[in-house]
Amino acid sequence: MAVSLGTFSYNNRLWDSVLDLTKKSQDKGSDPLIWAIHLSSQLNSAGVSLPSTDLADLLVSHICWENNNPISWKFLEKALIFNIVPPLLVLALLSTRVIPMRRDQPAAFRLYMELLKRHAFKLKSHVEFQNYEVIMNSIDNVLHLSQIFGMQVKVNDAGSLLLEFIFSVVWQLVEAALGDEGVLEKRKFRWNVAQDMELEVGYDGKRNEYHEMLQSRNTIMAIELIGLFLQNKVTSRILLLARRNMPTHWRSFIQDIEVLVVNSSSLRNSKVITPEILLQLISDDRKVVSEENKSSYLQEIHTVMSSSAGLSHKISGSSLWIPLDLVLEDAMDGSQVDTTSSIEIVTRIVKALHALNGNTWHEIFLGLWMAALRLVQRERDPIEGPMPRLDTRLCMLLSITTLVVSDLIEDDETPLQHKLDHQTIENNKETRRRDLVSCLQSLGDYQSLLTPPPLVVSDANQAAAKAMMFTSGINIGSSAYLDFIDIKDMPINFSGNLHHLIVEACIARNLLDTSAYFWPGYVTGHMNQIPRGVPTQVPGWSSFMKGAPLTPIMMNALVSEPASSLAELEKVFEIAVNGSDDEKIAAATILCGASLIRGWNVQEHSAYFITRLLSPPLPANYPENDSHLIAYAPMLNVLLVGIAPIDCVQIFSLHGLVPQLAGSLMPLCEVFGSCVPNISWTLTSGEEISAHAVFSNAFALLLKLWRFNHPPLEYGVGDVPPVGSQLTPEYLLLMRNSQLVSSGYEDRNRRRLSAVAKTSCPNPIFLDSFPKLKAWYRQHQACLASTLSGLVHSPVHQIVDALLNMMFRKINRGQPLNSVSGSSTSSGPGSEDVSLRPKFPAWDILEAVPFVVDAALTACDHGRLSPRELCTGLKDLADFLPASLAIIVSYFSAEVSRGVWKPVFMNGTDWPSPAANLSKVEEHIKNILAATRVNVPSLLAGISSPATLPLPLAAFVSLTITYKLDKASQRFLNLAGPALESLAAGCPWPCMPIVASLWTQKAKKWSDFLVFSSSRTVFLHNNSAVAQLLKSCFTAALSHSGVGALLGHGFGSNFYGEISPVAPGFLYLRVYRSIRDIMFLRDDIISLLIESVKDIASNSKTKGRYGQVSLAASLTKVKLAAQLGASILYISGGQGLVQSLINETLPSWFISVHKTEVEESSNGAMSMLRGYALAHFTVLCGAFAWGIDSRLSASKWRPRFLESHMEFLGSAVNGKITLGCDSVTWRCYVTGFVRLMVGCVPNWVVEVDREVLMRLSKGLRLCNEEELAVGLLEAGGVGTMGAAAELICQEC
């Protein structure tokens, strides 16, 4: 609505005199220039501020339509030229009057567009008007911009109104053109609604030929103006802001233009713009921004840093994917499981590398597959030991990686709210799938990576045979047919490799179709007929699905062969739920068989069904006084034993099912731990299992899910969460419960886990629901924190005495072992009769075990028990209740850490002696360290003789070596082994080599593993050794061998059968979890990064023209060093360590004065490289920890720490903080950091507070980084789009 004269701030006489002057001058035909001079003088005398908004309304109202003549328009033009009236307000006022009347007043519309062309593109002068904000508010009152666009514009945000005005002007022209072409219905008009005019137009309504021609030309001119707005470097960037921040309106705007392109004859008749150009202008962001907007020198440097082409300069291809290789290899460490799915972690890294490196999806997919293949090939020459093996690595290659790729493609194909049009979605869909196909075709060229390990040669040959049969036109009906064929007996060499398994995995998940079988070189032969001699009915999945009964023979067949489809597993699960007791056991056995270990295409479903079966449904009419879980004991025990191996636990971890598994195990522990041991079940095999056995299996498996023998980390860094392991029962349940909540924005993996959680148990689970488990856990924590308090006469002391009597019943020395002073039930030699064993529930026994072990250890310390008797008694206790081994572990761990027990001599008489091979173990440790360039002087002196160990450690190692290395004992040794290593590592050197020597004598096939474990403990006692190891990692990664030098070939043996030295990166990934204080890594990694930059700059000898070749090579290596540093930091400490780095370490580093920088201040190139290295390092750390989008729960921390860091940057560049670092380094860090954020992760900028961005932008302008300052505000979202628009007008 036009501003009425009654609202003018000056009296009517002034405006009457102005109007009178205008009319007289108009009647006399005065020169417009003279009129403008007189008018300006009159207004100045009256004290009117120019340009005047009131005068603008007066002149426009004067013209429309009583004085619609050439002289009036000339007067208006002069008033615009001399800035007597604000041009933008005049254009807004005219648009509301002229555009609706363009058919009746074509000349006026033409003049309006001419004024638009002359004044709408000179925005710099407009934003510099003294009353600029008043003018924009007046425009808002005229066009109702705030109401139409619905933006929450802050008070006096004139820049946002300026953006909306430019957008509205273009949109008005679009609608005008559509209306003129007759293709826009009246109800669709947004802007051109006719308003009340002061006078009716004096036109008789007859359209003569001249008017029709002028109208036609006006339509063409309007369309050409639209193109001009989209091409002009200022208005195009302003419109790009509208596109970013007003997607709904922009989508409607684009739809209108698309209609115009399809239907407009005027557009096709234009000699200035074509339909193709117009579509290009609205569809490609890169074309909107002129190349002139790129700043020269620093932008060129950033272009080199962020280009994938630059990355490949003199660097091996594998080095580009160091973060992926490190993350994949790190997941293979079985010492600790992860609550976060590897799918989520790998996807996060892939997205970060894609965003920051700018790789194509072909390169991304190829890099991911090759990293996973290298992971498998590092297991070519494995060593024996209790650790994840090839099955876990194959899971990562064929299941996890395939799911990552599937999720990435689905993420791109799923239409999101911010997607502008359906065509964009379809184009992206085709591109990613096409890139996946081309990637997998290229993968076949890397034969050295595709050689299958012996364990899967048969699987690879079957995959190749399936493809050959298909291409030969042989219909095999089902893939299960191949299970009955002995590939070795066939006359054709299928030459199957890992490429065939990868393609089959992709086909199974609908990422590819069978046309892949026809790729050149994929099939190397031809078959003429089906092999004969294949029986028609052989037990297997095919016959099972056809209705064959689940006989023992059938069960064995299904256990040994993985399922090929979800339907097959669903049928097994249905039997496990509704079948007979024997069928339940058989079904459980099948699910824990090959389908879990090698059923890569359905592996996650096997794990899901196992998790659900561990929480079986409540049968109908089941009595409420008993737990229904007891009735499922045989089946549950099969499941617990079946998933106990290290590889199985690791597979659950990789798929993110640890929280779900913990939530299923806790009820089992609570129920079976409360049962008296006389409850037992006899299986069809004749084996008898007790409640104690079920409880022990469930309890041991639960304890593997967190480092139960370690005290919980109680420290954090300021407001930063603890950086170490947070795995506790409460945390596991918290993670499990969080999966029940779905916000609708999670990725596909989160949705999968949420569905499993809701299916297993739709309600949250809390530790308070398990009082027995909670009571034990509190006692366990107290035991780790302090010594045992005195045991008073209570039911517990009676259990303690009963257990002591059972353990040492053969001993009669007249001095009984007293649990409570003056009281004992020990009566000398006891009977071997099992019926005499205590009949207590498992939880009651576990409560008593710490006191039992304490009494036994004290007796041994005082000579009342021999070491052999102590170990025998402890072994009897562990055999009686295997779960008690965990309590023994936690007690010994706590006691060793207190250092109150005297050392004992490992002399071979009282305690076992390590002398037989201790020197050999020591020599191997030195060789491993020397290979990684780690020098620890204390090791060179050798190990003194005789060897000693603290009494609790000596008792523990003596206990563990009494176990047989069979399958039954393996479940509990897998629990005790890591605890023993941690316990020995925490003791003074050389406790761990002594333990390794003793165990090597017990299990010679584990000698390499034990030696390697001993070498790891060196780093726990010496931070300097860790720093040396990290330096070796940087040196290896930046060498020409790249990943090969960093991670090597995993474990291996030399010519003499001894363990070969491992690569530094591989060793570090097996070391860092045991480092107690990882906070020092922040400073060490920064120092190593800076040192690497110095070496890179010093070694860049090759000079191209003006040194560009050397600079490109240096920047490439600098970026690789930053990737390595960010990867190590993130892997070592996760989100907490990254946040403490950004919040504390980096600001402190920039404030401090560095001696090396002072010495090298004259080297500008080195200072520049140093700044860019730190910038890339920082952004990568954040991308790894928080993700580049907002779908992860970790991303909720990003705005807080990012804003804090950018607040520091803004304060420093504005001179409010005194810096000690080199000025060139600082400048390159700030510009590099901001460019990476704006160019690679712009959604991060939106999360930062508006005022922080404004201050940083101001500081950048002070540093003559105007273009970067504009870009920062452009990426800041709605909050800064107004400031960005104003800055664009001023700087462009």
Side-chain angles (χ1 to χ4, degrees), residues 318 321 323-334 338 341-347 349-350 364-382 387-409 436 439-464 496-509 511-512 516 562 594-604 606-607 647-648 650-656 749 1043 1047 1049-1050 1066 1069:
S318 62
W321 313 108
L324 277 175
D325 282 275
L326 288 172
V327 166
L328 296 182
E329 185 60 54
D330 179 57
M332 297 301 104
D333 186 2
D338 202 329
S341 165
S342 289
I343 301 169
E344 178 179 320
I345 295 172
V346 175
T347 302
I349 301 299
V350 166
I364 288 290
F365 290 142
L366 186 61
L368 176 58
W369 286 118
M370 292 182 68
L373 285 167
R374 286 192 292 269
L375 178 76
V376 172
Q377 296 302 332
R378 280 193 284 273
E379 189 72 8
R380 297 293 300 179
D381 188 18
M387 58 184 182
R389 304 298 301 276
L390 181 61
D391 287 326
T392 305
R393 294 175 183 266
L394 289 171
C395 167
M396 183 66 81
L397 170 67
L398 299 172
S399 183
I400 300 299
T401 303
T402 312
L403 285 168
V404 168
V405 173
S406 176
D407 289 355
L408 287 170
I409 290 180
L436 175 63
C439 149
L440 291 176
Q441 288 174 331
S442 302
L443 195 62
D445 298 332
Y446 299 89
Q447 289 298 318
S448 61
L449 289 176
L450 297 173
T451 304
L455 183 64
V456 292
V457 168
S458 176
D459 298 272
N461 284 335
Q462 283 193 2
N497 58 29
L498 294 177
H499 190 211
H500 295 97
L501 291 177
I502 291 173
V503 169
E504 283 300 317
C506 291
I507 291 175
R509 298 189 185 277
L511 298 175
L512 299 174
S595 296
L596 176 64
I597 302 299
R598 291 187 293 112
W600 306 295
N601 301 335
V602 292
Q603 191 172 58
E604 72 275 21
S606 298
D647 277 301
C648 292
Q650 207 66 14
I651 287 171
F652 273 82
S653 176
L654 295 181
H655 283 284
N749 179 62
V1043 172
L1047 294 175
H1049 302 287
F1066 188 89
L1069 292 176

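Put simply, CH2 on Trp321 and CG on Leu368 are 9.0 Å apart, with the number rounded to the nearest 0.5 Å. If you take CG on Leu373 and CG on Leu397, they are separated by 5.0 Å, rounding to the nearest 0.5 Å. Note that CD1 of Ile502 and CG of Leu450 are 6.5 Å apart. Values are rounded to the nearest 0.5 Å. Here Arg378 contributes atom CZ and Leu390 contributes atom CG; the two are 13.0 Å apart, rounded to the nearest 0.5 Å. For the atom pair CG of Leu449 and CE of Met370, the computed distance is 5.0 Å after rounding to the nearest 0.5 Å. Rounding to the nearest 0.5 angstrom, the gap separating the CG atom in Leu366 from the CG atom in Leu436 is 10.5 Å.
In this structure, Gly496 and Asn461 approach most closely via the heavy-atom pair N-OD1, 2.9 Å. Of all the heavy atoms in Ser595 and Ser606, the pair that sits closest is O-OG, 3.3 Å. Pairing each heavy atom of Pro453 with each of Val376, the nearest pair is CG-CG1, 3.8 Å. Across every non-hydrogen atom of His500 and Ala460, the tightest pair is CB-O, 4.2 Å. Here the shortest heavy-atom pairing between Arg389 and Asp647 reads N-OD1, 2.9 Å. Heavy-atom minimum distance, Thr401 versus Ala372: OG1-CB, 3.7 Å.
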What's the verdict on side-chain contact (heavy atoms from CB on, under 4.5 Å) for Asp459 and Leu501, showing C-alpha distance, side-chain angles and the deciding distance?
-> CA-CA 8 Å; Asp459 298 272; Leu501 291 177; 4.1 Å; yes
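Looking only at distances, a side-chain donor or acceptor of Ser653 sits under 3.5 Å from a matching main-chain atom of Asp338. No donor-acceptor pair closer than 3.5 Å links the side chain of Asn497 to the backbone N or O of Thr451. The backbone N or O of Leu440 sits less than 3.5 Å from a side-chain atom of His499, completing a donor-acceptor pair. For the pair Ser406 (side chain) and Thr402 (backbone), a donor-acceptor distance under 3.5 Å is absent.
Using a 4.5 Å heavy-atom cutoff, the side chains of Gln603 and Pro562 are not in contact. Put simply, the side chain of Leu443 does not reach to within 4.5 Å of the side chain of Phe365, judged on heavy atoms. Residues Leu394 and Arg598 are not in side-chain contact: their nearest non-hydrogen atoms beyond the backbone lie 4.5 Å or more apart. At a threshold of 4.5 Å between non-hydrogen side-chain atoms, the residues Leu654 and Met332 count as touching. Contact annotation: the side chain of Cys395 never approaches that of Glu604 to less than 4.5 Å [non-hydrogen atoms, C-beta and beyond]. The closest side-chain heavy-atom distance from Cys648 to Leu596 is below 4.5 Å. Residues Leu326 and Ile349 have side chains not in contact (no heavy-atom distance under 4.5 Å, counting atoms from C-beta outward). Using a 4.5 Å heavy-atom cutoff, the side chains of Leu1069 and Leu1047 are in contact.
For residues 448-458, the set of pairs meeting the salt bridge (charged side-chain N to carboxylate O under 4.0 Å, His left out) definition, not counting sequence neighbours, is empty.
Under the side chain to side chain donor-acceptor pair (under 3.5 Å) rule, Arg393 has a single partner from Gln650, Gln377, Glu329, which is Glu329.
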